[in-house]
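Chain letters run A, B, ... following the sequence lines, proteins first and then strands; every chain starts at 1.
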Amino acid sequence: MDAKRAITAAKPLLHWYDRHRRALPWRALPGETPDPYRVWLSEVMLQQTTVATVRPRFATWVARWPSFADLAAADEADVMAAWAGLGYYARARNLLAAARAIAAKHGGQLPDTEEALRALPGFGDYTAAAVAAIAFGRRAVVVDANVERVVARLFAIDAPLPGGRRAIRAAAATITPEKRAGDYAQAMMDLGSAVCTSRKPRCLLCPLADQCGALALGTPEAFPVKKPKAVRPHRYGTIFWLERDGHVLLVRRPDKGLLGGMRALPTGPWELAPPGLRDAPAEAAWRVLERRVEHGFTHFTLDLDVAVADTERATNLGEWWPVATLDEAGLPTLFAKAAALARSRQA
DNA sequence: GACTCGTGGGC
DNA sequence: TGCCCAAGAGT
């Protein structure tokens with residue numbers, strides 16, 4: 001890499017952004033003042049999540065909880081259920097915790113410095129910088145996966161991720177402008193999303209092409225270099241559908257760990273071999289469906305048997321939820337899949 | 001630094 | 001189809 005070569009990215013990038021910026025529901029139009037609540041909510045929803053997925057969820061969310069105060073007053077169970085299907089559920093817990101901290105300690109307003117934001121739950125380096133820049137116009141070095149890719153290519157940084165982040169961040173700092181901080185940050189996102197894409201980058205459309213080290217080498221797609229990932233192990237489990245008088249037994253998962261704090265169908269630990277009916281929540285005439293549910297997580301894949309049974313007996317192992325309104329229970333996708341299979345009984 | 005933590009879409 | 005990827009944070 002040639003770190004000393006002067007690159008002036010902000011000016012051509014902002015010029016490009018003025019012509020090609022995406023209209024997004026959480027974005028202020030030119031001349032408008034951004035709403036910090038919407039900026040924050042969008043940044044959290046967009047963590048590891050695509051714009052297409054976030055768009056409708058954002059609209060539903062702000063209609064229900066339009067401000068920090070509204071969210072701070074919400075019940076945790078409602079917030080978790082509203083997040084169902086979006087994944088990374090710690091985001092929802094932290095979102096509510098932050099809203100309550102903002103109400104209690106910050107007068108109902110988001111603090112406007114990167115440092116103060118960084119102290120709130122769910123604000124890491126990226127989100128604190130992005131909110132400071134986008135909502136408050138503060139100069140901040142905003143580094144997400146888009147910026148990593150753009151900067152690694154621009155400077156032809158070949159240190160593999162994640163170790164290479166230090167060099168990428170340092171390079172990013174050298175091209176981050178003082179003015180139009182929010183526009184610049186979002187311009188980098190839009191460029192990474194539409195032009196400097198992970199595969200088949202559209203270099204002919206890029207406003208920085210004439211300065212791009214990776215393009216000069218002829219291999220833009222080779223950047224950023226990444227360390228190979230570990231193989232994903234396979235696990236097995238059984239999910240239990242226990243029905244009683246038109247209601248199904250739901251449990252609440254522990255706050256910490258996978259799918260933490262979410263409503264769920266009963267299931268035992270997921271292990272290297274199928275556990276069968278070992279962890280059934282009650283004695284019943286369980287029938288294991290022939291079809292299985294397959295589900296992929298980031299770090300392992302899962303094969304699940306679905307066992308169904310009817311019972312007459314009330315238990316206090318969880319809540320009996322009306323089957324007819326199960327889609328309102330806020331089940332994570334994995335359990336929604338199992339529920340659909342159990343209800344169809346097309347074993 | 002290395003893990004954990006979801007989900008849907010693209011190729 | 002299986003793998004990679006996406007506006008990362010917490011431990």
Side-chain angles (χ1 to χ4, degrees), chain A residues 22 24-27 38-58 80 83-95 97-98 117-135 140 142-150 159-166 169 182 184-194 196-201 221 224 226-235 253-262 264 270 293-302 330-337:
Chain A
R22 285 178 290 180
L24 297 170
W26 44 87
R27 265 189 192 170
R38 295 166 70 92
V39 171
W40 166 55
L41 177 63
S42 70
E43 287 303 336
V44 175
M45 283 191 170
L46 286 162
Q47 288 167 9
Q48 303 289 288
T49 309
T50 59
V51 167
T53 298
V54 167
R55 220 183 243 280
R57 304 298 296 261
F58 178 86
M80 299 310 291
W83 200 270
L86 273 175
Y88 287 144
Y89 297 100
R91 291 186 292 175
R93 278 198 304 283
N94 289 331
L95 199 70
L117 290 165
R118 183 68 176 78
L120 289 167
F123 281 81
D125 289 339
Y126 163 76
T127 302
V131 172
I134 297 169
V142 180
V143 183
D144 73 320
N146 288 301
V147 176
E148 281 179 2
R149 190 168 58 251
V150 171
L161 295 178
R165 292 219 166 93
R166 170 181 292 274
R169 181 177 190 81
Y184 173 79
Q186 294 174 96
M188 291 289 271
M189 317 279 187
D190 281 10
L191 189 74
S193 166
C196 195
T197 48
S198 178
R199 282 166 298 196
K200 300 187 185 304
E221 202 167 339
K226 294 187 180 179
K227 194 159 70 169
K229 296 183 177 170
V231 292
R232 292 198 305 176
H234 208 88
R235 295 188 191 172
R253 293 178 64 83
D255 278 320
K256 299 204 170 187
L258 197 65
L259 308 170
M262 300 299 289
W270 300 330
V293 171
E294 297 176 14
H295 195 74
F297 290 102
T298 306
H299 51 295
F300 66 95
T301 58
L302 189 57
L331 294 180
T333 300
L334 161 64
F335 297 108
K337 281 196 226 172

Any pair with a residue in residues 119-130 of chain A that passes salt bridge (Lys or Arg N to Asp or Glu O under 4.0 Å), sequence neighbours left out, goes on the list, sorted by first then second residue, please.
R118(A)-D125(A)
Once side-chain hydrogen bond (donor to acceptor under 3.5 Å, both in side chains) is applied, do any residues pair with S42(A), and if so which ones, sequence neighbours excluded?
none
Residues passing the salt bridge (Lys or Arg N to Asp or Glu O under 4.0 Å) test with R165(A), sequence neighbours excluded, are E148(A)
Scan residues 187-194 of chain A against DNA chain C and write down, sorted by residue number, each residue with any heavy atom closer than 4.0 Å; if none is found, say none.
M189(A)
Set of salt bridge (Lys or Arg N to Asp or Glu O under 4.0 Å) partners for R27(A), sequence neighbours left out
D190(A)
Look at all strands and tell whether A130(A) reaches a base, only sugar-phosphate, or nothing, counting heavy atoms closer than 4.0 Å.
nothing
Under the side-chain hydrogen bond (donor to acceptor under 3.5 Å, both in side chains) test, which residues partner R235(A), sequence neighbours left out?
none
Tell me, please, the opening and closing nucleotides of DNA chain C, 5' to 3', among those with an atom under 4.0 angstrom from a non-hydrogen atom of chain A.
dC5(C) to dG10(C)
Heavy atoms under 4.0 Å, any strand shown: does L161(A) hit a base, just sugar-phosphate, or nothing?
nothing
Which part of the nucleic acid, if any, lies within reach of W83(A) when heavy atoms closer than 4.0 Å are counted: base, sugar-phosphate only, or nothing?
nothing
Whether each nucleotide of nucleotides 4-11 of chain B has a protein heavy atom under 4.0 Å at its base (B), only at its sugar-phosphate (S) or at neither (-) is summarised, 5' to 3', as SBBBS-B-
Mind checking what makes side-chain contact (heavy atoms from CB on, under 4.5 Å) contact with E221(A), not counting sequence neighbours?
R199(A), P201(A)
Classify T127(A) by what it touches in the nucleic acid, base, sugar-phosphate, or nothing, heavy-atom distance under 4.0 Å.
sugar-phosphate
Suppose you measure atom P in dA7(C) against the same atom in dC11(B); what distance do you get, rounded to whole Å?
15 Å
R149(A) near the nucleic acid: base, sugar-phosphate alone, or nothing, with a heavy-atom cut-off under 4.0 Å?
sugar-phosphate
Would you mind telling me which residue lines up with the more 5' stretch of DNA chain C, V51(A) or L120(A), judged by nearest nucleotide?
V51(A)
Is T298(A) close to Q48(A) at the side-chain level, that is, under 4.5 Å between some pair of heavy atoms?
no
Results of ring-ring contact (aromatic ring centres under 6.0 Å, His included) for F58(A) - residues two or more places apart only
W26(A)
For S198(A), what residues pass the side-chain hydrogen bond (donor to acceptor under 3.5 Å, both in side chains) criterion, not counting sequence neighbours?
none
Work out how far the C1' atom of dG6(B) is from that of dC5(C), and round it to whole angstrom.
13 Å
Using 30° and 60° as the class boundaries, would you call the ring planes of F297(A) and H295(A) parallel, tilted or perpendicular?
perpendicular
Restricting to side-chain hydrogen bond (donor to acceptor under 3.5 Å, both in side chains), what partner residues turn up for H234(A), sequence neighbours left out?
T301(A)
